[in-house]
Amino acid sequence: MLHRIYNQVPFYKTIFDKNSIHPQDIKSVEDLSKLPFTKKSDLRDYYPFGMFAEPMNSIRRIHASSGTTGKPTVVGYTKNDLDIFDEVVARSLVCGGAKPGMKLHNAYGYGLFTGGLGMHGGATKLGMAVIPVSGGMTDRQLTILQDFEPEVICCTPSYAQTLATECKKRGIDTEALNIKYAILGAEPWTEAIRTQVEQGLHVTATNIYGLSEIIGPGVSQEDFEERGTGSYVWEDHFYPEIVDRDTGEVLPYGEEGVLVFTTLTKEAFPLLRYWTNDICSINYDKNAKRTHIKMSSIKGRADDMLIIRGVNLFYTQVEEVIQEMDFLVPNYQLVVSRVGTMDKVKVRVEVKSGVDPLNEDFKNQLLSKIKNTIGLSMEIQLEAPESIPGSEGGKLKRVIDQRVL
Ligand code: ADP
């Protein structure tokens, strides 16, 4: 792969030459740390196809990131790359509880986003019957869930919340549904949402992680019997490192930092030390079913981290506090504003049905819990159930930043 990269991707040849390194100098994965990182901005500089290592007549599919943060990055796949994609997604599905013969309700968006077609290919390889519902049109999703009786659903965690809420609203008895497993990813989520989705849809919910640049969904996956202990990274294809976000130094197992991947087997779009910007830790779990390394759940993207009055804040930290309050559901939004030179965060969060959103005692409980665990005072606005907009099918924006920066 190193030779392919050196000979076929001008960006990488320049990097090797500039650093006086030749592919032959990299003798083990540990030696990769001699190389600089590849960042999203590098990919943008070569937009759209300049990072491809294979000619267009070898490319069988092109995807682009959904552009959550800026201009999309374009990725390509050879036939072999698509086979690898199918393989890692098939593994992920099994890890999440799926089996051949089951039906997959695929509510990830189809199109340039890797989610829909990625899950589709892996499920086909596994021998599942794929229902390519795609995202949105919640009425139709609910009809299919009831009538087609799929055993497995995949979508974003925030959309699974929406489906759970809508089932409740319409009086759909989710215990009577055939659905057993939910495989959720594409955005950060915590145990708070797992509890809500598992109870609301009567499923076992696991995490799937991935990004277009590395392959799409199926870079790592949580096992349905080991929930909460991290997601297995398919490290025979994607080599992970955790590095310090400021110095770039490789950190020991267990320490939190930026997740970096090197693709080991990809042909069309190989990447060396790709800086995902996602914050987590990696570690081997001796008691686990499988031997691959596990990554912890993603706290957030480094560039989505808010710095409020000098305190670093990821929205998942607020979600974790919400989990501990039995009068709340994790349907929430953070509104960031600036008054003078002072940044303020307002937490809008829904109460459970039957709870009075004007209850001052509950409001104060949340306020002091946030202050004690996160170290920031925030304005609290408790809201009635179903008053905060949820996902309509894709990734949900949890932070509304009203500051003019
Ligand atoms: P975009 O960068 O436009 O969102 P992608 O659809 O490729 O494009 O998204 C990949 C990103 O989505 C990851 O880098 C990560 O930030 C986020 N992501 C994907 N899966 C998960 C997950 N299970 N948990 C947390 N974040 C995730």
Side-chain angles (χ1 to χ4, degrees), residues 37-41 43-44 47 62-77 85 88-89 92-93 95-96 108-119 135 154-161 182-194 197 205-223 227-228 230-234 238 240 242 245 256-261 263 269 271 274-282 294-305 314-317 319-320 391 393-399:
F37 301 107
T38 306
K39 299 220 168 159
K40 199 164 182 119
S41 55
L43 308 185
R44 288 197 176 123
Y47 177 89
I62 294 170
H63 276 291
S65 80
S66 51
T68 313
T69 49
K71 198 170 164 186
T73 42
V74 181
V75 300
Y77 303 77
F85 199 2
V88 292
V89 171
S92 300
L93 285 161
C95 211
Y108 276 122
Y110 278 67
L112 283 177
F113 173 54
T114 48
L117 282 167
M119 298 307 293
C154 58
C155 60
T156 58
S158 57
Y159 195 53
Q161 287 184 285
I183 298 181
L184 311 176
E187 61 188 5
W189 60 301
T190 69
E191 294 302 319
I193 292 177
R194 189 186 332 254
V197 170
T206 53
N207 180 50
I208 185 163
Y209 166 86
L211 63 166
S212 334
E213 295 90 324
I214 299 306
I215 201 145
V219 172
S220 75
Q221 164 73 41
E222 194 177 26
D223 188 279
R227 305 202 296 300
S231 301
Y232 290 105
V233 178
W234 306 130
F238 319 116
I242 295 290
R245 58 176 294 182
E256 193 177 88
V258 175
L259 180 61
V260 166
F261 278 111
T263 64
F269 201 79
L271 287 176
Y274 184 67
W275 184 278
T276 65
N277 230 353
D278 294 324
I279 306 288
C280 69
S281 59
I282 55 174
K294 283 180 173 177
M295 58 183 257
S296 66
S297 56
I298 302 284
K299 219 169 171 181
R301 297 195 203 209
D303 54 2
D304 285 344
M305 187 181 76
F314 287 103
Y315 67 78
T316 49
Q317 290 173 274
E319 194 174 297
E320 273 166 7
S391 163
K395 304 186 189 217
L396 181 63
K397 214 170 157 29
R398 298 258 183 211
V399 179

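Each ligand, and each atom within it, is numbered from 1 in the order the structure gives. Computed from a predicted structure; not experimentally measured.
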For this session: Not counting sequence neighbours, which residues clear side chain to side chain donor-acceptor pair (under 3.5 Å) with K294? List them please.
Result: E226, T229, D285

For this session: May I ask you to test the T263-I214 pair for a side-chain heavy-atom distance under 4.5 Å?
Result: yes

For this session: Could you give me the CA-CA distance, side-chain angles and deciding distance for M305 and K299, then say whether side-chain contact (heavy atoms from CB on, under 4.5 Å) is met?
Result: CA-CA 9 Å; M305 187 181 76; K299 219 169 171 181; over 6 Å; no

Problem set entry | Residues in side chain to side chain contact (heavy atoms under 4.5 Å, CB included) contact with E187, at least two apart in sequence or another chain | T156, P157, S158, K395, L396

For this session: Provide the number and element of each atom of ligand 1 under 4.0 Å from a heavy atom of G185.
Result: 23 (N)

Problem set entry | Where ligand 1 meets I298 - atom numbers and elements under 4.0 angstrom, heavy-atom basis | 24 (N), 25 (C)

Problem set entry | Nitrogen or oxygen atoms of L211 and ligand 1 under 3.5 Å apart | no

For this session: For a side chain to side chain contact (heavy atoms under 4.5 Å, CB included) with F261, tell me which candidate from L271, D278, V233, T38 qualifies.
Result: V233

Exercise. Of S212, G210, A186, S65, which has the heavy atom at the shortest distance from atom 10 (C) of ligand 1?
Worked result: G210

Exercise. Any idea how F85 and H63 line up, ring-wise: parallel (<30°), tilted (30 to 60°), or perpendicular (>60°)?
Worked result: perpendicular

Exercise. Which ligand 1 atoms, with their elements, are less than 4.0 angstrom from a heavy-atom of K40?
Worked result: 2 (O)

Exercise. Which atoms of ligand 1 have any heavy atom of F113 under 4.0 Å away?
Worked result: 6 (O)

Exercise. Does the side chain of L184 come within less than 4.5 Å of C155's, by heavy atoms?
Worked result: yes

Exercise. Which ligand 1 atoms, with their elements, are less than 4.0 angstrom from a heavy-atom of I208?
Worked result: 20 (N), 22 (C), 23 (N)

For this session: Could you tell me whether R301 and ligand 1 have an N or O pair separated by under 3.5 Å?
Result: yes

For this session: State, with a plain yes or no, whether a side-chain heavy atom of F314 is found less than 4.5 Å away from one of R301.
Result: no

Exercise. At their closest point, which heavy atom of F238 faces which heavy atom of G218, and how far apart are they?
Worked result: CE1-O, 3.9 Å

Problem set entry | ligand 1 N/O within reach of T276 N/O, cut-off under 3.5 Å | no

Exercise. So which of G115, S231, P188 gets nearest to atom 25 (C) of ligand 1, if we judge by its closest heavy atom?
Worked result: P188

Problem set entry | Proximity winner for atom 26 (N) of ligand 1, if only heavy atoms of E187, Q221, K395 are counted | E187

Seminar exercise, completed: Within 4.0 Å of some non-hydrogen atom of Y209, the atoms of ligand 1 are 20 (N), 21 (C), 22 (C), 23 (N), 27 (C)

Problem set entry | Geometric N/O contact N207 with ligand 1, under 3.5 angstrom | yes

